[in-house]
Amino acid sequence: MSTTTIRVTRETRDILNEMAQRAGTTMQSIIDQALDLYRRQQMLSAINNAYAALSNDDEAWSDLEAERSEWDGTLSDGLEEI
């Protein structure tokens, strides 16, 4: 894996160092995990915003509900319940 250098404040470096020591891992691992979590939060926020916008459009929301109803018919897919 290739690496690079980034500039952070001393305070940030100290926080990363403390977190890494407490977790028994590296500062790089803490940064990787934090970025992954942040990326996921941003994605979920964008999804939530898109659904909020969709719910404000009566025609689009109605189309979505109709599509969901069509998909509901595939839940059993002709299989017997267990």
Side-chain angles (χ1 to χ4, degrees):
M1 169 175 66
S2 122
T3 62
T4 189
T5 302
I6 60 170
R7 292 179 187 260
V8 296
T9 64
R10 286 185 179 158
E11 180 182 5
T12 297
R13 183 210 51 208
D14 293 345
I15 292 168
L16 281 168
N17 189 40
E18 180 182 334
M19 292 176 71
Q21 286 181 0
R22 284 187 184 178
T25 189
T26 64
M27 289 192 286
Q28 179 64 47
S29 179
I30 297 294
I31 292 170
D32 289 345
Q33 292 173 43
L35 285 174
D36 185 57
L37 178 61
Y38 182 72
R39 182 185 57 82
R40 290 169 186 255
Q41 289 173 338
Q42 292 297 303
M43 181 178 63
L44 288 175
S45 179
I47 291 168
N48 285 336
N49 290 339
Y51 267 104
L54 186 64
S55 70
N56 290 325
D57 182 336
D58 292 336
E59 185 177 343
W61 191 257
S62 179
D63 290 345
L64 176 63
E65 290 296 310
E67 183 176 344
R68 285 180 179 164
S69 292
E70 288 179 27
W71 281 104
D72 283 345
T74 65
L75 291 177
S76 297
D77 201 26
L79 302 175
E80 294 179 26
E81 286 189 36
I82 299 175

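There is a path of hydrophobic side-chain contacts, each under 4.5 Å, that joins Tyr51 to Met43. Under the 4.5 Å side-chain heavy-atom criterion for grouping Ile, Leu, Val, Met, Phe, Trp and Tyr, Leu44 is not connected to Tyr38 through any hydrophobic cluster. The cluster map of Ile, Leu, Val, Met, Phe, Trp and Tyr, joined by side-chain heavy atoms under 4.5 Å apart, puts Met19 and Leu35 in the same cluster. Connection of Leu54 to Ile47 is established within a shared hydrophobic cluster, with ILVMFWY side chains joined at heavy-atom distances below 4.5 Å, either directly or through further cluster members.
Qualifying side chain to side chain contact (heavy atoms under 4.5 Å, CB included) partners for Asn48, counting only residues two or more places apart in sequence or in other chains: none. With sequence neighbours left out, Glu70 forms a side chain to side chain contact (heavy atoms under 4.5 Å, CB included) with no residue at all.
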Q: Tell me, with the steps shown, if Asp63 and Glu67 meet side-chain contact (heavy atoms from CB on, under 4.5 Å).
A: CA-CA 6 Å; Asp63 290 345; Glu67 183 176 344; over 6 Å; no

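For Arg40, the CZ atom is loosely surrounded, since the number of other residues' heavy atoms within 6.0 Å does not exceed 12. The number of heavy atoms from other shown groups lying within 6.0 Å of CD (Glu59) does not exceed 12.
Residue Met27 comes nearest to Arg13 through the heavy atom pair SD-O, 3.8 Å, listed as atom of the first residue, atom of the second, then distance.
Side-chain polar atoms of Gln33 and Ser29 form a donor-acceptor pair below 3.5 angstrom.
A side-chain donor-acceptor contact under 3.5 Å links Ser69 to the backbone of Glu65. Of the possible polar contacts, one joining the Asn56 side chain to the Ala52 backbone as a donor-acceptor pair under 3.5 Å is found.
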Please tabulate, one pair per line, all N/O donor-acceptor pairs under 3.5 Å involving side-chain atoms of residues 1-12, not counting sequence neighbours.
| residue | atom | partner | partner atom | Å |
| --- | --- | --- | --- | --- |
| Thr9 | OG1 | Thr12 | N | 3.1 |
| Thr9 | OG1 | Thr12 | OG1 | 2.9 |

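Considering CD1 of Ile15 and CD1 of Ile30, their distance stands at 12.0 Å, rounded to 0.5 Å.
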